[in-house]
Amino acid sequence: LAALSKEGTADSFKLMWWGIFAIIFFGAIYLIRMEMQTSGSLYAYAIAILVFGTLVNMPFQWAVLAFALLDSFVIWQAQINPMVYEEFFSEAKFIQPYHYVLFCTVVALIASLNNSMQYLLLMRERVHLDHLSDTDPLTGLLNRRGMEREIHRRRLFERNACAVLF
């Protein structure tokens with residue numbers, strides 16, 4: 001029963017993440033489209049792609065998927081109505097819309113990769129601290145807390161009989 005509740009919790013967590021991802025993504029698409037049609041600027045795009053790049057605990061693969069979809073949408077919109085963007089980017093002669101998209105994507109990829117690496121290092125440190133709290137530093141054997149966890153795990157998943165003497 002505990003294994004089922006853990007599995008159900010993981011599934012509900014994953015479903016919650018997909019919901020958050022979809023809400024933010026489609027909200028960003030709407031804001032980008034409205035801004036592109038009204039002013040021809042890409043400020044909402046830059047903000048949206050950086051939000052996806054810096055979301056805490058967002059898997060790197062999802063961030064890359066969001067970047068690819070947002071970039072495809074912006075480039076598609078720029079090809080549909082190039083006149084609007086020519087007016088906006090004529091003021092800033094040093095940058096073109098495609099260069100701007102590429103720059104924002106690279107910055108967001110770096111931010112997302114940095115977040116992913118920090119998360120992985122944090123999880124690695126957590127596993128190390130869990131190991132230290134479960135073992136005796138002198139002998140390296142499981143202490144009382146470690147033995148209780150191991151017995152509980154075996155009772156839940158393996159159903160094998162075991163005897164422990166303290």
Side-chain angles (χ1 to χ4, degrees), residues 1-135 146 149 153 156-157:
L1 187 62
L4 291 176
S5 68
K6 280 184 181 179
E7 194 173 295
T9 304
D11 288 342
S12 64
F13 182 74
K14 192 179 287 188
L15 184 64
M16 180 191 71
W17 252 114
W18 274 110
I20 291 170
F21 179 84
I23 289 169
I24 293 173
F25 180 78
F26 288 115
I29 289 288
Y30 176 75
L31 290 174
I32 291 167
R33 186 166 187 268
M34 297 308 335
E35 183 181 30
M36 289 174 85
Q37 286 180 345
T38 56
S39 68
S41 65
L42 294 172
Y43 298 125
Y45 162 76
I47 292 169
I49 202 159
L50 287 174
V51 164
F52 277 108
T54 56
L55 276 176
V56 177
N57 297 344
M58 182 177 198
F60 184 68
Q61 296 86 351
W62 292 13
V64 170
L65 174 68
F67 301 155
L69 292 173
L70 285 172
D71 289 350
S72 300
F73 177 76
V74 168
I75 291 170
W76 176 64
Q77 287 292 314
Q79 289 175 349
I80 287 176
N81 194 3
M83 298 296 282
V84 176
Y85 309 106
E86 288 174 8
E87 292 173 14
F88 178 75
F89 283 99
S90 66
E91 296 171 8
K93 295 183 192 293
F94 63 92
I95 193 164
Q96 295 298 317
Y98 303 113
H99 298 150
Y100 185 74
V101 167
L102 179 65
F103 173 75
C104 289
T105 302
V106 168
V107 169
L109 275 171
I110 291 169
S112 181
L113 192 58
N114 182 31
N115 275 356
S116 295
M117 293 303 292
Q118 286 180 353
Y119 180 73
L120 290 175
L121 289 173
L122 183 67
M123 290 296 106
R124 185 182 200 185
E125 184 68 23
R126 182 177 175 198
V127 167
H128 178 68
L129 290 174
D130 281 345
H131 175 71
L132 289 177
S133 71
D134 287 344
T135 57
R149 279 189 190 174
R153 185 185 68 80
L156 282 178
F157 299 112

Which heavy atom of Ala66 sits nearest a heavy atom of Phe25, and at what distance?
O-CE1, 4.1 Å
Value rounded to 0.5 Å, distance of CD in Glu125 from CG in Asp130:
10.5 Å
Measuring from atom OH of Tyr43 to atom OH of Tyr100, what distance do you get when rounded to the nearest 0.5 angstrom?
6.5 Å
Rounded to the nearest 0.5 Å, how far apart are CD1 of Ile29 and CZ of Phe73?
4.5 Å
Minimum heavy-atom separation for Trp62 and Phe21, please, with both atom names.
O-CE1, 3.6 Å
The criterion is side-chain contact (heavy atoms from CB on, under 4.5 Å); which residues satisfy it with Ala111, sequence neighbours excluded?
Thr54
Consider side chain to side chain contact (heavy atoms under 4.5 Å, CB included). Of Leu70, Val74, Val106, which one does Val101 pass it with?
Val74
Atom of Tyr45, atom of Thr105 and distance for their closest heavy-atom approach
OH-OG1, 3.1 Å
Side chain to side chain contact (heavy atoms under 4.5 Å, CB included) between Leu31 and Ile47, intermediate numbers included:
CA-CA 10 Å; Leu31 290 174; Ile47 292 169; over 6 Å; no
Just verifying a value: how many Å separate Ser133 OG and His128 NE2, rounded to the nearest 0.5 Å?
10.5 Å
Closest non-hydrogen contact found for Gly53 with Asn115 is O-ND2, 3.6 Å
More than 12 heavy atoms from other groups under 6.0 Å of CE on Met34:
yes
Spacing of CG belonging to Asn114 relative to CG belonging to Leu109, to within rounding of 0.5 Å:
12.5 Å
CD on Glu35 to OG1 on Thr38, rounded to 0.5 Å
6.5 Å
